[in-house]
Protein chains: 2
Amino acid sequence: MTLDREQVLRSAAALLTRKSTATMDEVARAAGIGRATLHRHFAGRDALVGALEDLGIREFEAALDSAALDDGAAEEGLRRLIAAVEPSAGLLSFLVTENQLFEGDDVNEGWSRLDARVSAFFRRGQERGEFRIDLTPAWLTEALYGLIGSCAWSVQTGRVAAQDFPYMIVELLLGGARRSVEK
Amino acid sequence: MTLDREQVLRSAAALLTRKSTATMDEVARAAGIGRATLHRHFAGRDALVGALEDLGIREFEAALDSAALDDGAAEEGLRRLIAAVEPSAGLLSFLVTENQLFEGDDVNEGWSRLDARVSAFFRRGQERGEFRIDLTPAWLTEALYGLIGSCAWSVQTGRVAAQDFPYMIVELLLGGARRSVEK
DNA sequence: CCCATATGAGACACGAACGTCCCACTCCGC
DNA sequence: GCGGAGTGGGACGTTCGTGTCTCATATGGG
């Protein structure tokens, strides 16, 4: 008994990553519990998505912390970040898509905090001459999210090998963001 | 009278780009027509999305044609493609997202045809030594779609100036795909 | 062993969106 | 001016997901 809330969230994340329109019933069955029990722990779909948001924010924040973005070259920091964020990629891309559906009323303030950290990282990289200055930090941040989502999707559909996930993202994003010599 | 089917599709695309969950009623009002009339021209939501798919495929295909990808350097071809695809960016990113919701049963064959063209373009660029060979054509194709979507979204939320749309995408994607000298 | 707590299954009402239909109105061609 | 086609508004039934509730069952601690 005594349901493992964390495990339910994990399976919900795994399911919603694949099928973002999954029913509460499907979420419950995927977690191996009854729909009633699911409702007992999460007031409704909004509450469930909210809990997933908190989870995703925590994971992303942890990845940011563990990446120690400011240690050494910015390029290496970014590589560590991508590697650290890989396990959460599916969940994060689901949450990004979910957020886009909102009418911008009440967005979880956690996202703005994370956006600010990522954006600030790119800006520092620019100031240190490691990143191109003609691509704005805000755009690099959004592009990072987009590439994470695209790559997670490509892995899911078999277009990209799972083991290549970090490499594909880092090489594509970094190649563009890195100051190249002929510029 | 005699409803302009094309115009209805345009306004539906514009609305669904911003709010992909918009109701048939909202779509109708956005087009300035009644819900009944909308249903007379499109059997249902599926038919409407299907018509939008055809429209998006036509536009993307036209962009591919007009870009003349094989004329001159691959880089220039890509620049022309991005510029040509800009007006359709919102619609295309909506359709890509929409397609991901499908359980992969019956996808419009148009997409595979377009995927093949884009993918082949990247492959030729690789063979001619203009693109890196460690990033697969399939991934470059998906990344292109993802960046188009991210940039369209960034423009909509004001994070990226509309006039910078082609530049931001091309520079980021190309920088990564382009063989850089220090490699 | 017994009881409290949590669960699963199902029933129920509610709301949203859909798809269909009808009716009055308007606009156009004849 | 007249008739018909096209349109808008609204009503209706249906479906689907949601949220709440009840009840029987199982599990685990005292």
Side-chain angles (χ1 to χ4, degrees), chain A residues 1-56 91 94-95 97-106 108, chain B residues 1-56 91 94-95 97-106 108:
Chain A
M1 264 194 237
T2 312
L3 186 71
D4 185 349
R5 184 186 165 99
E6 189 76 7
Q7 180 189 340
V8 172
L9 280 178
R10 297 283 168 193
S11 73
L15 173 60
L16 290 172
T17 288
R18 278 170 293 141
K19 187 184 176 185
S20 60
T21 59
T23 299
M24 288 295 273
D25 191 82
E26 294 176 288
V27 172
R29 293 191 182 282
I33 64 178
R35 195 165 68 95
T37 304
L38 181 60
H39 267 92
R40 276 184 202 104
H41 289 267
F42 303 96
R45 191 190 181 77
D46 290 348
L48 175 63
V49 173
L52 284 173
E53 247 187 337
D54 292 339
L55 176 63
L91 174 58
F94 161 70
L95 293 174
T97 306
E98 196 74 5
N99 260 348
Q100 290 182 179
L101 295 181
F102 265 52
E103 294 280 300
D105 15 353
D106 48 311
N108 194 320
Chain B
M1 262 188 244
T2 313
L3 187 69
D4 184 350
R5 184 186 166 98
E6 189 76 8
Q7 180 189 340
V8 172
L9 281 177
R10 296 285 168 190
S11 73
L15 173 60
L16 290 172
T17 289
R18 280 171 290 142
K19 187 183 177 187
S20 61
T21 59
T23 299
M24 287 295 274
D25 190 84
E26 295 176 287
V27 172
R29 294 189 182 283
I33 63 177
R35 197 166 67 96
T37 304
L38 180 60
H39 267 92
R40 274 183 205 107
H41 289 265
F42 302 97
R45 191 192 181 77
D46 290 349
L48 175 62
V49 173
L52 283 174
E53 246 187 338
D54 293 338
L55 176 62
L91 174 58
F94 161 71
L95 293 174
T97 306
E98 196 74 4
N99 261 348
Q100 291 181 181
L101 295 181
F102 264 53
E103 295 280 299
D105 14 353
D106 50 311
N108 194 320

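Every chain is numbered from 1 and lettered A, B, ... according to where its sequence line falls, protein lines coming before strand lines.
- In this structure, A/Arg29 places its CZ atom 13 Å from P of D/dG17, rounding to the nearest Å.
- Remark: P of C/dA6 and CG of A/Leu38 are 16 Å apart, rounded to the nearest angstrom.
- Contact check for B/Arg29 versus B/Arg35: no side-chain heavy atoms found under the 4.5 Å cut-off.
- Looking at the side chain of B/Ile33, the nearest of the listed nucleotides D/dT18, D/dG8, C/dT7 is D/dG8.
- If you check every strand for non-hydrogen atoms under 4.0 Å, B/Arg35 touches a base.
- Remark on DNA chain D: of its neighbouring residues B/Gly32 and A/Asp46, the 5'-side contact belongs to B/Gly32, judged by nearest-heavy-atom nucleotide.
- Between the side chain of B/Thr37 and the main chain of B/Ile33, no donor-acceptor pair closer than 3.5 Å is present.
- Taking atom CD of residue B/Glu26 and atom P of nucleotide C/dA17, one finds them 7 Å apart after rounding to whole Å.
- Listed nucleotides: D/dT7, C/dG8, D/dG17. Nearest to the side chain of A/Thr23: D/dG17.
- Taking atom CZ of residue A/Arg45 and atom P of nucleotide C/dC14, one finds them 23 Å apart after rounding to whole Å.
- Residues A/Gly34 and B/Asp25 each lie close to DNA chain C; by heavy-atom proximity, the contact nearer the 5' end of the strand is made by A/Gly34.
- Heavy atoms only, all atoms of each residue included: A/Leu95 and A/Gly56 are closest at CD1-CA, 3.9 Å.
- Atom-to-atom, NE2 of B/His39 to P of D/dC12 comes out at 18 Å; the value is rounded to the nearest Å.
- Note on B/His41: every side-chain N or O is 4.0 Å or more away from OP1 and OP2 of D/dG6.
- If you check distances only, the side chain of A/Arg40 never reaches the base of D/dG19 with a donor-acceptor pair under 3.5 Å.
- Map A/Ala22 and A/Ala36 each onto its nearest nucleotide of DNA chain D; the residue landing nearer the 5' end is A/Ala22.
- Looking at B/Val8 and B/His41, their side chains never come closer than 4.5 Å, going by heavy atoms from C-beta outward.
- Counting only heavy atoms from C-beta outward, the side chains of A/Glu98 and A/Val49 approach each other to under 4.5 Å.
- Atom pair A/Met24:CE and C/dG8:P shows a separation of 14 Å (rounding to whole Å applied).
- The distance between atom NZ of A/Lys19 and atom C1' of D/dG17, rounded to the nearest whole Å, is 12 Å.
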